[in-house]
Amino acid sequence: MYQKGRAWIELNMEHLLHNVRQLQALLPARCAMMPAVKANAYGHGAKLIGRSLQQMGIRDFCVASVKEGIELRNAGITGQILVLGYTSPRDFSDLAEYGLAQTVVDYPYAVQLSGYQKPVQVHVGVDTGMHRLGERSENTEEIRRIWDLKRLNITGVFSHLCVSDGMTEPERRYTLEQIQKFWSVVRFLHGNGIHGFKIHLQGSYGILNYPDLACDYARVGIALYGAFSSPQDRTVAPVSLKPVLSLKARIECVKALHAGEGAGYGLSFTARREMRIAAISIGYADGIPRGLSNKGHALVHGKKAAMIGRICMDQLLIDVSDIPQAAAGDEVVLIGKCGGKEISAGDFAKEAGTISNEILSRLGERLERVVGKG
Ligand SMILES: *Cc1c(COP(=O)(O)O)cnc(C)c1O
């Protein structure tokens, strides 16, 4: 089947390689990237992205769930795959079978993992202030006792920064405190004769704003895809990143909308003048937030067209009154470049009142993923 018939994602793997090089150059030589390819590689397609990164020399990856880890293994990923989230004891067998590393979310969970009959590889999560997963950093005895447990192959210790994207004085101070708490746990373990584990702390904004930390891994997500959570971050970033993903659809039909007529469910849009409108083959089931009804934009023939009316499950309407050449079958760009114009994932997200991470990770299963120039 033709993959660009209805609605699709174009992946620019040259941009991916560019981003890998830019981010790696920012990090100390000993620090390897451990890309976050959770949520279908932030909507890009985990198999395609995982395989490409592996060809580019990236070995190890992190995911959110066992299922995502198994998918990567089945796609031929051979390095370490760390499950960042919770895994039910019923799925511990899959950890062992597929050779996945599991995050230890706290001491009691380590005991549960140790109760499984086969050895399991783990990274110990340390909570330095985000207060999500990880044993609290001041509970050093609990952390140390994890090494006394049987059948745990502990290959990593890590924490997660929660305000590393913010550059205000309090945010910087909080992040530096998190970093200090992490180092003191690492020092405590070394002081107790515990060695041989890798350490990691940074996500994308940790790399961009605190690149010099002496870690073994950086768990890079959004930046690797060439997106910033918010569009203004592009201007302050120490590297130039290129977007890997473009999101496109087709004009299904073009028609007149007469002054005074409504359009779409609920007739939430009313034409104030004679208009030409186009129906587009993408909707909220593909990941276009319904909240963009009467609000969002798309690019057609290098021009910006406003979304009008309610966004439907599979379709949406745009105003092409000022784009006379717009015709059925034409390409529409929701995220990406078109002529001289661009809507970045960050711009798109800002219009929808969220961050690009959410927009990208919710892009639907139904979209085709095509490797191309974007
Ligand atoms: C998702 C995630 C990352 C990657 O975050 P980005 O900000 O997208 O780079 C890193 N670490 C953990 C624990 C995560 O959950």
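Counting convention: from 1, in listed order, for ligands and their atoms alike.
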Under-4.0 Å heavy-atom contact with ligand 1, by part of Tyr205 that carries it: neither
Nearest protein heavy atom with distance in Å, relative to atom 12 (C) of ligand 1: His160 CE1, 3.4 Å
Atoms of ligand 1 close to Ile222 [distance to a heavy atom under 4.0 angstrom, numbered from 1]: 6 (P), 8 (O), 9 (O)
His258 backbone acceptor or donor facing Glu261 side chain under 3.5 Å: yes
Per-residue contact class, Arg132 against ligand 1 - non-hydrogen pairs under 4.0 Å: side chain
Minimum-distance pair of heavy atoms, taken over all atoms of Ala285 and Arg366: CB-NH2, 3.6 Å
Polar atom proximity, Leu84 to ligand 1 (N or O, under 3.5 Å): no
Donor-acceptor contact below 3.5 Å, side chain Asp286 vs main chain Gly283: yes
Nearest-neighbour protein heavy atom for atom 5 (O) of ligand 1, which is reported as residue plus atom name and distance: Tyr42 OH, 3.4 Å
Side-chain donor-acceptor contact under 3.5 Å, Asn294 with Ser268: yes
For atom 9 (O) of ligand 1, the protein heavy atom that lies nearest, with its residue and separation: Ser204 OG, 2.5 Å
Any donor-acceptor pair under 3.5 Å from Ser356 side chain to Phe228 backbone: yes
Distance from atom 2 (C) of ligand 1 to nearest protein heavy atom, with residue and atom: Lys38 NZ, 2.4 Å
Main-chain N/O of Ala46 paired to Asn40 side chain as donor or acceptor, under 3.5 Å: yes
Polar contact flag for Ala36 and ligand 1 (N/O pairs, less than 3.5 Å): no
For Leu27, the option from Asp212, Leu213, Val220, Ile207 that meets side chain to side chain contact (heavy atoms under 4.5 Å, CB included): Ile207
Protein residue, atom and distance nearest to atom 11 (N) of ligand 1, heavy-atom basis: Arg219 NE, 2.8 Å
